[in-house]
2 protein chains.
Amino acid sequence: MSLLKQKILHVASDLFHTRGINSTGVDTIVAVAGTTKMTLYKHFTSKEILILEVLRKGHQDFQLWLSEKLSNHSKKPTEKLRKLFDFMEEWVNSPDYQGMAFLKASAEFPEESNAIHRLSAEQSEAFRAYLSLLAKDAGVADHEGLSLQLSLLIEGAMQAEHMRRGSGSIKYAKKAAKILIDDALKS
Amino acid sequence: MSLLKQKILHVASDLFHTRGINSTGVDTIVAVAGTTKMTLYKHFTSKEILILEVLRKGHQDFQLWLSEKLSNHSKKPTEKLRKLFDFMEEWVNSPDYQGMAFLKASAEFPEESNAIHRLSAEQSEAFRAYLSLLAKDAGVADHEGLSLQLSLLIEGAMQAEHMRRGSGSIKYAKKAAKILIDDALKS
DNA sequence: ACATATCTATACCATCCTGTATATTTTTTG
DNA sequence: CAAAAAATATACAGGATGGTATAGATATGT
């Protein structure tokens with residue numbers, strides 16, 4: 001992938017996160033990225049395509065980062081599950097954290113027929129399915145249920161951390177997760 | 001308040017919810033409400049003011065509805081706390097449910113300097129404070145912590161229910177809430 | 001019936017937005 | 001160095017948007 005294309009993707013992701021997707025025009029994106037509209041439209045056939053690629057890259061980066069962190073930490077499934085929220089906290093506090101893009105995207109494009117909305121929903125579901133697998137490996141009977149609960153906590157905490165920074169959302173989400181995981185493991 | 005003004009507020013709230021705020025033009029609002037732009041701008045000096053009033057009304061309606069339901073149900077604080085998620089479920093399934101507006105609004109207007117964003121953050125915090133009061137009355141020591149956790153679950157569930165309808169988010173949020181409340185009450 | 005306030009109808013302006021046309025310059029590659 | 005590819009500069013079309021101007025219609029209360 002061309003350097004410029006990467007730069008555009010990164011700048012767009014940043015602007016979408018700080019100003020919102022609909023409120024960010026392509027003129028702003030190319031200005032910040034230090035290029036022109038012609039080049040942008042040579043790499044992305046439309047703004048919608050650009051948005052979709054930003055979402056895809058963001059989700060991929062996050063999933064890769066998380067699963068690598070988890071497998072580096074331990075081979076034992078229950079250890080992984082227990083360490084999950086520590087890594088989520090690390091992710092939120094990492095310098096170039098740009099939110100969970102699909103959360104905002106689905107809010108800005110609420111119609112189910114919309115391609116951006118559908119991709120967001122898929123990513124949200126994929127993340128939950130990943131959590132479900134973690135829980136299953138750890139021997140949780142109702143791993144589907146637990147994964148849903150954990151994803152609610154995480155998505156809620158992301159949202160809250162964005163709305164009221166420094167509210168300690170992650171910290172309390174972590175405590176809640178511990179209680180839920182303990183409960184799910186013993187039954 | 002004039003009937004037309006109410007109608008405009010209601011239609012705007014509905015359109016904001018189904019199509020998004022930024023994607024809904026004032027032309028569309030007046031067309032659906034069966035009136036004209038002149039009338040709209042006589043009642044609301046700008047689109048931003050309209051958005052703010054929609055948010056205020058939505059939040060007020062919800063808070064009134066919930067606190068009334070809770071006090072009608074029982075006078076005992078612990079009973080109220082335990083019944084909370086049942087009413088949340090009822091709210092989500094009610095015919096004219098239009099989401100928790102402040103969640104989406106804060107996503108569409110992410111800048112902290114923005115008036116809409118600030119109101120959203122205030123409402124989110126007000127809701128959490130209300131939950132904290134419920135928990136405190138029920139004798140929960142760390143009522144601030146529990147209220148934060150419950151609000152994460154609720155906001156996460158609202159978001160999820162909007163993204164993947166019929167995912168059973170509320171049902172599992174309710175189970176999680178029960179576990180967290182039990183844990184908080186016994187310690 | 002008269003005066004006042006509210007609502008409608010319609011046209012319009014200025015601005016912003018996505019996307020394209022055209023021509024020129026820079027970079028890469030053989 | 002020459003040819004091809006990629007990037008720039010700039011201007012502009014076409015449409016949507018928020019908001020206003022003007023003038024007429026309808027309703028309300030006295």
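In this text the structure is predicted, and so the values were computed from the model without any measurement. Within every chain, numbering begins at 1; the chains are lettered A, B, ... in the order of the sequence lines, protein sequences first and strands thereafter.
Within the 4.0 Å cut-off from OP1 or OP2 of dT8(D), at least one side-chain nitrogen or oxygen of Thr39(A) is found. Contact annotation: Ser46(A) side-chain N/O to dT18(C) OP1/OP2 distance is not under 4.0 Å. Distances shown here put a side-chain N or O of Ser2(A) below 4.0 Å from the OP1 or OP2 atom of dA7(D).
Between the C1' atom of dT10(C) and the OH atom of Tyr41(B) lies a distance of 16 Å, rounded to the nearest Å. When the C1' atom of dG18(D) is taken as reference, atom NE2 of His43(B) falls 18 Å away, rounded to whole Å. In this structure, Met38(B) places its CE atom 11 Å from C1' of dT6(C), rounding to the nearest Å. The distance between atom CZ of Phe44(B) and atom C1' of dG18(D), rounded to the nearest whole Å, is 16 Å. Summarising the geometry, the separation between NZ on Lys37(A) and P on dA21(C) is reported as 13 Å, rounded to the nearest angstrom. Summarising the geometry, the separation between CG on Asn22(A) and P on dA16(D) is reported as 16 Å, rounded to the nearest angstrom. Atom pair Asp27(B):CG and dA9(C):P shows a separation of 14 Å (rounding to whole Å applied). Atom pair Ile8(A):CD1 and dA6(D):P shows a separation of 14 Å (rounding to whole Å applied).
Contact annotation for Thr45(B): no contact, since no heavy-atom pair falls under 4.0 Å across all strands.
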Test side chain to side chain contact (heavy atoms under 4.5 Å, CB included) applied to Ile21(B) and Leu15(B), step by step: CA-CA 8 Å; Ile21(B) 301 176; Leu15(B) 289 173; over 6 Å; no

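Here the CE atom belonging to Met158(B) is positioned 10.5 Å from the CG atom belonging to Leu152(A), to the nearest 0.5 angstrom.
Judged purely by distance below 3.5 Å, without hydrogens or angles, the side chains of Glu111(A) and Thr18(B) never pair a donor atom with an acceptor atom.
Contacts classified as ring pair (Phe, Tyr, Trp, His ring centres under 6.0 Å) and involving residues 113-157 of chain B (residues at least two apart or in different chains) are given here: His162(A)-His117(B), Phe62(B)-Phe127(B).
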